[in-house]
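For reference, the structure is listed below as structure tokens.
Chain letters run A, B, ... following the sequence lines, proteins first and then strands; every chain starts at 1. We use all heavy atoms of the structure for the numbers below, so side chains are in, but hydrogens, waters and symmetry mates are not. Quick caveat: nothing in here was measured; it's all calculated off a predicted structure.
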Protein chains: 2
Amino acid sequence: MMKRSKQKEVILRIIKSTSSHPTADWIYEQARKEIPNISLATIYRNLKLMKDNGELLELDLGVGQSHYDGNVTNHYHFRCDKCGQIFDIDQPVDKAIDVSVARQTGHEVTHHVLKFRGICKRCKK
Amino acid sequence: MMKRSKQKEVILRIIKSTSSHPTADWIYEQARKEIPNISLATIYRNLKLMKDNGELLELDLGVGQSHYDGNVTNHYHFRCDKCGQIFDIDQPVDKAIDVSVARQTGHEVTHHVLKFRGICKRCKK
DNA sequence: TTATTTGCAAATCATTTGCCCGAAG
DNA sequence: CTTCGGGCAAATGATTTGCAAATAA
């Protein structure tokens, strides 16, 4: 019962075609190029729907806005403390650590979120 | 040049004497018991000051308010997706992974933040 | 037709700020 | 004294919501 709409298509296409981990705002600006009167609320509404649908990830970096990621395969991120840019980390996800923590704590561990912080290659120069 | 004040003392004492990873709001309620007319803005102002001073940590769990932790030694956390409670994870911090990511990406990695998610022991029952 | 979705504006919610007063050094 | 910290209320910024009109099924 989820209707498709032009705005949904545009939003999903924008997210799937970038690896820049954009914010809702950036997606909004891009979408406006195709649908000039699209509303920011529509962006947020659809991002949430698609997130709940497993079509994208919401990254909470703890600073300002959320970032969204069209790459739904589990992976880690690095955030530059200077320019704020987010990079994917090409490092295998360690499932064993979840098991280890579950055994140690007695909690049921479904997954973990790992974020690296520092200064990116470019800003370092 | 940081003046000491009764409110600073109270706030710091509250945080240092719990391992419940409280929110600013909870700290506010506790502080009111000792200083009834203390302001929430004062709580936030001092939490930020103390964070910048390295006296406490701010945990951003990506859901609602920030949580604060008087334990400044680097450690991991687990958040229950049902009750929202946060638990410390007694697992050694893996510094080697920072080095590995730095080598692989060329970025300067200062640290990483690792959060486990799932259902806690209590909620699981 | 009729259930969803949209755009818009107003509402939330956590956090921050401006301002003027009181307290610390 | 004189500067910094505090209380209060108003401002902010990101995200959400209510609602009537538009649109997909």
Quiz prompt | Nucleotide nearest B:S5 (side chain, heavy atoms from C-beta), chosen from D:dA25, C:dC8, D:dG5 | solution = D:dG5
Self-check item: Heavy-atom neighbours of A:D52 CG exceed 12 at 6.0 Å
Solution: yes
Quiz item: Under 4.0 Å between a side-chain N/O of A:Q7 and OP1 or OP2 of D:dT23, yes or no?
Solution: no
Quiz item: With side chains defined as the heavy atoms from C-beta onward, is the minimum distance between A:T105 and B:F87 less than 4.5 Å?
Solution: no
Quiz item: When we call it a touch if two heavy atoms are under 4.0 Å apart, what does A:S66 touch: a base, just sugar-phosphate, or nothing?
Solution: sugar-phosphate
Quiz item: Any idea how A:H75 and A:H21 line up, ring-wise: parallel (<30°), tilted (30 to 60°), or perpendicular (>60°)?
Solution: tilted
Quiz item: Would the number of heavy atoms belonging to other residues, nucleotides or ligands and lying under 6.0 Å from NZ of A:K124 be above 12?
Solution: yes
Self-check item: Nucleotide C:dC8, atom P - distance to OH of A:Y44 in whole Å
Solution: 17 Å
Exercise. Report the distance from atom CD1 of B:I38 to atom P of D:dG5, rounded to the nearest whole Å.
Key: 14 Å
Practice problem: Identify the residue among A:V113, A:L114, A:V93 that makes a side-chain contact (heavy atoms from CB on, under 4.5 Å) with A:N74. | Solution: A:V93
Quiz item: Looking at A:R13 and A:E34, does any basic side-chain N land under 4.0 Å from a carboxylate oxygen?
Solution: yes
Quiz item: Taking the side chain as C-beta and beyond, is there a heavy-atom pair between B:E58 and B:L47 under 4.5 Å?
Solution: no
Exercise. Can you tell me the distance, in whole Å, between the CG atom of B:L59 and the P atom of C:dT15?
Key: 12 Å
Polar atom pairs (N or O), protein with nucleotides 11-13 of chain D, under 3.5 Å:
none

Quiz item: Within the structure shown, what part of the strands sits under 4.0 Å from A:D25 by heavy-atom distance: base, sugar-phosphate, or nothing?
Solution: nothing
Quiz item: Rounded to whole angstrom units, what separation is found between the OH atom of A:Y28 and the C1' atom of C:dT6?
Solution: 13 Å
Quiz item: In terms of side-chain heavy atoms of A:K3, which of D:dT15, D:dC4, D:dT23 is nearest?
Solution: D:dT23
Exercise. Identify which nucleotide among C:dT5, C:dG7, D:dG6 has an atom closest to any side-chain atom of B:T42, counting heavy atoms from C-beta outward.
Key: D:dG6
Quiz prompt | Nucleotide of D:dT23, C:dA24, D:dT15 approaching A:L40 most closely (side-chain heavy atoms) | solution = D:dT15
Quiz item: Is there a donor and acceptor pair, one atom on the side chain of A:K8 and one on the base of C:dT5, closer than 3.5 Å?
Solution: no
Quiz item: Between C:dT4 atom P and A:L49 atom CG, what is the distance in whole Å?
Solution: 12 Å
Quiz item: When A:I15 is tested against each of A:L57, A:D69, A:I27 for side-chain contact (heavy atoms from CB on, under 4.5 Å), which residue passes?
Solution: A:I27
Dump every N/O contact between nucleotides 17-21 of chain C and the protein below 3.5 Å, one line per pair.
residue : atom : partner : partner atom : Å
C:dG18  : O6   : B:R45   : NH1          : 3.3

Practice problem: Indicate, with a heavy-atom threshold strictly under 4.0 Å, whether A:N46 touches base, sugar-phosphate, or nothing. | Solution: sugar-phosphate
Quiz item: Taking atom P of C:dT5 as reference, at what distance in whole Å does atom CD1 of A:I43 sit?
Solution: 15 Å
Self-check item: A:H77/A:H67 under ring-ring contact (aromatic ring centres under 6.0 Å, His included): CA gap, chis, key distance, verdict
Solution: CA-CA 11 Å; A:H77 294 97; A:H67 292 252; 9.6 Å; no
